[in-house]
Student: 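Can you keep this structure in mind? I'll have questions shortly.
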Amino acid sequence: VKGAQEVVLVVEDDILIRMPIAQYLRDCGYRVIEAADADEAMAVLLHEETSVGVVFSDIEMPGSVDGFGLAKWIRKHRPGLDVILTGTVPRAVNAAHELCEAGSLPKPYERHAVKDQIRRLLATRKAGRSP
Amino acid sequence: MQSRARQGSHSEAVTQTSTGMVLLVEDEVLVRMMLAKELRQAGLTVLEAADADEAVDALRHFAGIKCLITDVQMPSSMDGIALARFARSEYPDVSVIFACGNDQRTASVRHDGLFHKPYDLPKFVHHVRSLIGSMSVAQPRMRASSS
C-alpha cells in the first residue's frame, strides 16, 4: 500500500464529511488524525509526538480561526508542512491558491483527487524538495 | 458544510463497508487521538466525534455503530450524560461506555463500562473488544425511527 505510515491531518467541522474522507485515506494506507476545527489541528501540530506530513483542511469552519487562519499559522509555525485547503466558496478557493502552494480543492471533492494530491505532495517531499 | 448533501455518497460508502464500529466522543483532541489510535490498533473501526452534537449526527447517519464511548463533561448542547441517555433511548442496541473523570452522574444512566482518567489502556481496549465481540453475531440493527 502506497503511503503507509505517512500521517495526514484532516481538519473538517462536519463529521459526516470528515469521517468518510478520513476512513478512505486510512483505507489507502495513511495514518489519519482527525481534527474538528483549526484549534484542534493546532493542538495536534504542537504535540511533540505527532509528525504530520500533510494537512487537508476545510476553509469555512467555526473556532478561533478558519482554514485560512490555520494555513497562515502553519506557514509561520511549521513552514514546509504542506497544506491542502478545500471549500465551497469559489472566491475562497481562489484565495487558497495564493495562500498555500499545495493548492486547493473545491467542495464537493472527489476523494480520489484528495488522495492523489496528498500522494503527490508526499512524493515531492520524499524526492528531496527543499523545505 | 454546505456541500454535505453531495458529499453524502461517501457516508453511504462507509456505512456499507464498516461493521462493528465504535463511536468515540471526546472534546480533547489529544485524548481522542490517543484512544482512537489504540482502538484502531486493536482492529476496530473508530468514528471520532468532538462533541455530543457530532455524535448524534454520527448515530443518525452511520449504521453499524455498536458501541458509544463518551466523555462526560463536554461543551455543546449536550454533555456525555445526556448523550448516553439519548443513545439508550433512540439506539438501545448500542452499548455505552463512559470514559471520563470521576463523575457520579454516570450512575444515573445504565452503561456497559466505566473508565476513569488516566486510562488503563490495555484493559480499556480489551473491554471494548469484548463488547463488540459479544455482539458480532449478526443481529439486525433495531434503530428507533430517527426524526
Side-chain angles (χ1 to χ4, degrees), chain A residues 7-27 30-52 58-63 66-67 86-90 92-93 105-115, chain B residues 1-41 43-65 71 74-76 83 146:
Chain A
V7 181
V8 179
L9 174 59
V10 173
V11 193
E12 166 64 59
D13 61 306
D14 188 338
I15 188 174
L16 300 186
I17 296 173
R18 186 178 72 238
M19 194 278 167
I21 187 64
Q23 192 58 38
Y24 171 73
L25 293 172
R26 285 187 190 104
D27 291 343
Y30 297 105
R31 184 186 162 210
V32 178
I33 299 173
E34 297 178 38
D37 55 33
D39 297 305
E40 285 199 350
M42 289 186 278
V44 169
L45 292 170
L46 287 170
H47 187 56
E48 292 175 357
E49 294 171 21
T50 53
S51 55
V52 175
D58 189 20
I59 294 170
E60 302 101 7
M61 294 186 294
D66 60 7
T86 185
T88 53
V89 183
V93 174
L105 287 170
K107 264 185 168 181
Y109 44 74
E110 282 293 327
R111 57 186 189 171
H112 303 286
V114 177
K115 180 197 70 178
Chain B
M1 270 293 205
Q2 295 162 350
S3 60
R4 174 192 271 199
R6 280 187 286 173
Q7 299 270 193
S9 58
H10 296 176
S11 308
E12 290 160 17
V14 172
T15 300
Q16 287 164 6
T17 57
S18 301
T19 55
M21 286 189 293
V22 174
L23 175 58
L24 175 64
V25 194
E26 167 63 61
D27 62 311
E28 287 285 339
V29 64
L30 297 180
V31 175
R32 191 176 73 236
M33 179 178 76
M34 179 266 293
L35 292 178
K37 184 181 176 186
E38 292 288 331
L39 293 167
R40 288 193 183 104
Q41 284 177 343
L44 297 166
T45 300
V46 183
L47 279 170
E48 296 183 43
D51 56 34
D53 294 332
E54 283 203 344
V56 170
D57 259 354
L59 284 165
R60 286 184 170 147
H61 289 89
F62 297 119
I65 295 172
D71 191 9
M74 292 186 294
S76 84
L83 174 64
S146 56

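Only heavy atoms go into these numbers, but all of them, side chains included; no hydrogens, no water, no symmetry mates.
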Student: Ignoring hydrogens, what is the shortest heavy-atom contact between B:Val29 and A:Glu34? Give both atom names and the distance.
Tutor: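 That closest heavy-atom pairing would be CG2-O, 3.9 Å.
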
Student: Can you see which heavy atom on A:Val44 is nearest to which on B:Leu30, and at what distance?
Tutor: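 That would be CA-CD2, 4.0 Å.
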
Student: Determine the minimum heavy-atom distance between A:Ile15 and B:Ala58, stating which atoms define it.
Tutor: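 What the structure gives for the nearest pair is CD1-CB, 3.9 Å.
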
Student: Could you tell me which non-hydrogen atom of B:Glu54 sits nearest to which non-hydrogen atom of A:Ala36, and how far apart they are?
Tutor: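 What the structure gives for the nearest pair is OE2-CB, 3.9 Å.
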
Student: Under a 4.5 Å cut-off applied to non-hydrogen side-chain atoms, are B:Lys37 and A:Arg31 in contact?
Tutor: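 In contact.
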
Student: Would you say B:Glu38 has more than 12 foreign heavy atoms packed within less than 6.0 Å of its CD?
Tutor: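 Atom CD in B:Glu38 is crowded, with more than 12 foreign heavy atoms closer than 6.0 Å.
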
Student: For A:Val32 and B:Arg40, work out which heavy atoms get closest and say how close.
Tutor: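 Here A:Val32 and B:Arg40 meet closest at O-NH1, 4.3 Å.
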
Student: Roughly how far, to the nearest 0.5 Å, is CZ of B:Arg32 from CD1 of A:Ile33?
Tutor: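 Going from CD1 on A:Ile33 over to CZ on B:Arg32, the span is 10.5 Å.
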
Student: For the CZ atom of A:Arg26 and the OG1 atom of B:Thr45, what is their distance to the nearest 0.5 Å?
Tutor: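 Between A:Arg26 CZ and B:Thr45 OG1, I get 9.0 Å after rounding to 0.5 Å.
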
Student: Taking all non-hydrogen atoms of both residues, which atom of B:Ala49 and which atom of A:Arg18 are closest, and how far apart?
Tutor: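 Scanning both residues completely, I find the closest heavy atoms to be CA-NH2, 4.1 Å.
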
Student: What distance separates A:Asp13 CG from B:Asp53 CG, expressed to the nearest 0.5 Å?
Tutor: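 Rounded to the nearest 0.5 Å, the CG-CG separation comes out at 12.0 Å.
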
